[in-house]
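Read through the structure below, which is laid out as structure tokens, and then see the notes.
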Amino acid sequence: MPVSQQQLAAFADAHAWRIPFDTSPRHLAGPGDGLRVTHGLAAAGWRRTSDPLSPEIVLTSPDGRHSLQFDPQSATSAWWRLRAEHTGSEPGWYAEFGQLVPAELLAAVTDALVAPPPAEQSDPFRRLQSANWPTDAADAARSPDDMCLVERRFIDGHSTRFWHIEANEPGHGIPGARACGMPSSAAAPRSI
């Protein structure tokens, strides 16, 4: 049976963001190829611990401490979940990423888990400042195009810090504008 023009248009609308093209800044180009993440972990010895017939993928590190879950049927906006279990000397942690997070960003996080730690830990805000991201004393940095916000926050009532990153598409307001006292459009930011 031939496909109608309406069906073709609906397909094009649903998949237009997947068309590869050079876009700058990169975070506007869409998610990229998740194989960059999963194949890198598999090459580092992570094994698949989920059902091979399921669309959900769970990869576990050789020591069993870390796991990455990819769930394209997630009921939430988080398709990627990365966990580290608590050990006697290291705290546990959790990060989640939406379906549109660039694969390069997620790969940078997972690559850091399989690469040996650098001899000297650098301050991420120094890197953002060197890339011309304005920073403030409250541990927040904003991309020059006002489309991404990176904050180091405290958990209420604790000295424990965590990272919070928000990104918006053009025309959908400024990420974290309400929290930072800046004007914002009616559209809500999307956390990654």
Side-chain angles (χ1 to χ4, degrees), residues 26-27 31-52 54-131 133 135-143 148-167 175-176 179-180 189-192:
R26 169 61 186 97
H27 63 270
D33 191 352
L35 295 178
R36 176 173 178 168
V37 177
T38 57
H39 284 198
L41 293 176
W46 288 47
R47 66 190 186 292
R48 183 172 181 155
T49 54
S50 56
D51 181 350
S54 169
E56 176 186 22
I57 298 171
V58 178
L59 297 174
T60 304
S61 64
D63 64 0
R65 178 167 187 236
H66 300 96
S67 65
L68 175 71
Q69 175 189 22
F70 171 72
D71 184 4
Q73 298 175 338
S74 173
T76 69
S77 62
W79 281 26
W80 297 91
R81 292 178 181 86
L82 187 59
R83 289 181 176 83
E85 298 298 325
H86 173 79
T87 68
S89 60
E90 302 255 347
W93 53 266
Y94 173 82
E96 60 183 30
F97 304 86
Q99 80 182 72
L100 296 179
V101 68
E104 293 88 350
L105 186 126
L106 183 54
V109 175
T110 58
D111 288 351
L113 295 175
V114 298
E120 180 182 320
Q121 297 291 328
S122 66
D123 180 6
F125 283 105
R126 250 189 259 146
R127 288 184 182 221
L128 295 173
Q129 286 172 328
S130 69
W133 285 45
T135 58
D136 66 20
D139 288 337
R142 187 173 299 283
S143 64
C148 186
L149 171 70
V150 177
E151 293 179 297
R152 191 169 24 202
R153 295 180 175 178
F154 287 98
I155 295 175
D156 291 337
H158 297 90
S159 61
T160 304
R161 291 180 158 202
F162 67 96
W163 292 98
H164 178 84
I165 302 170
E166 289 184 19
C180 298
R190 206 175 49 225
S191 294
I192 56 174

For [X] versus [Y], what's the shortest heavy-atom pair and its separation?
X    : Y    : value
E151 : A140 : CG-CB, 3.9 Å
A107 : V37  : N-CG2, 3.8 Å
G64  : E85  : O-CG, 4.5 Å
P72  : P55  : CD-O, 3.6 Å
A44  : P62  : O-CG, 3.9 Å

With the side chain counted from C-beta on, respond yes when [X] and [Y] share a heavy-atom pair under 4.5 Å apart, and no when they do not.
X    : Y    : answer
R65  : E90  : yes
L113 : W46  : yes
C148 : E166 : no
L82  : W93  : yes
I165 : L149 : no
T49  : L59  : no
R81  : S74  : yes

Once rounded to the nearest 0.5 Å, what's the spacing between atom CZ of R36 and atom CG of L105? 10.0 Å

How long is the gap from CZ on R142 to CH2 on W133, to the nearest 0.5 Å? 9.5 Å

Would you check if the side chain of [X] reaches a backbone N or O of [Y] as a donor-acceptor pair within less than 3.5 Å?
X    : Y    : result
R152 : W163 : no
H39  : A43  : no
S54  : D51  : no

Give the C-alpha distance, both sets of side-chain angles, the deciding distance and a yes or no for side-chain contact (heavy atoms from CB on, under 4.5 Å) between R48 and I57. CA-CA 7 Å; R48 183 172 181 155; I57 298 171; 3.8 Å; yes

Could you tell me if E56 and Q69 have a donor-acceptor pair between their side chains, going purely by distance under 3.5 Å? yes

Taking atom types as modelled, is there a side-chain donor on T60 or R83 under 3.5 Å from an acceptor on the other? no

Evaluate the criterion side-chain hydrogen bond (donor to acceptor under 3.5 Å, both in side chains) for residue pair T135 and Q129; output intermediate values, then yes/no. CA-CA 7 Å; T135 58; Q129 286 172 328; 2.6 Å; yes

Of W79, F70, F97, which is the lone residue that meets side-chain contact (heavy atoms from CB on, under 4.5 Å) with L106? F97

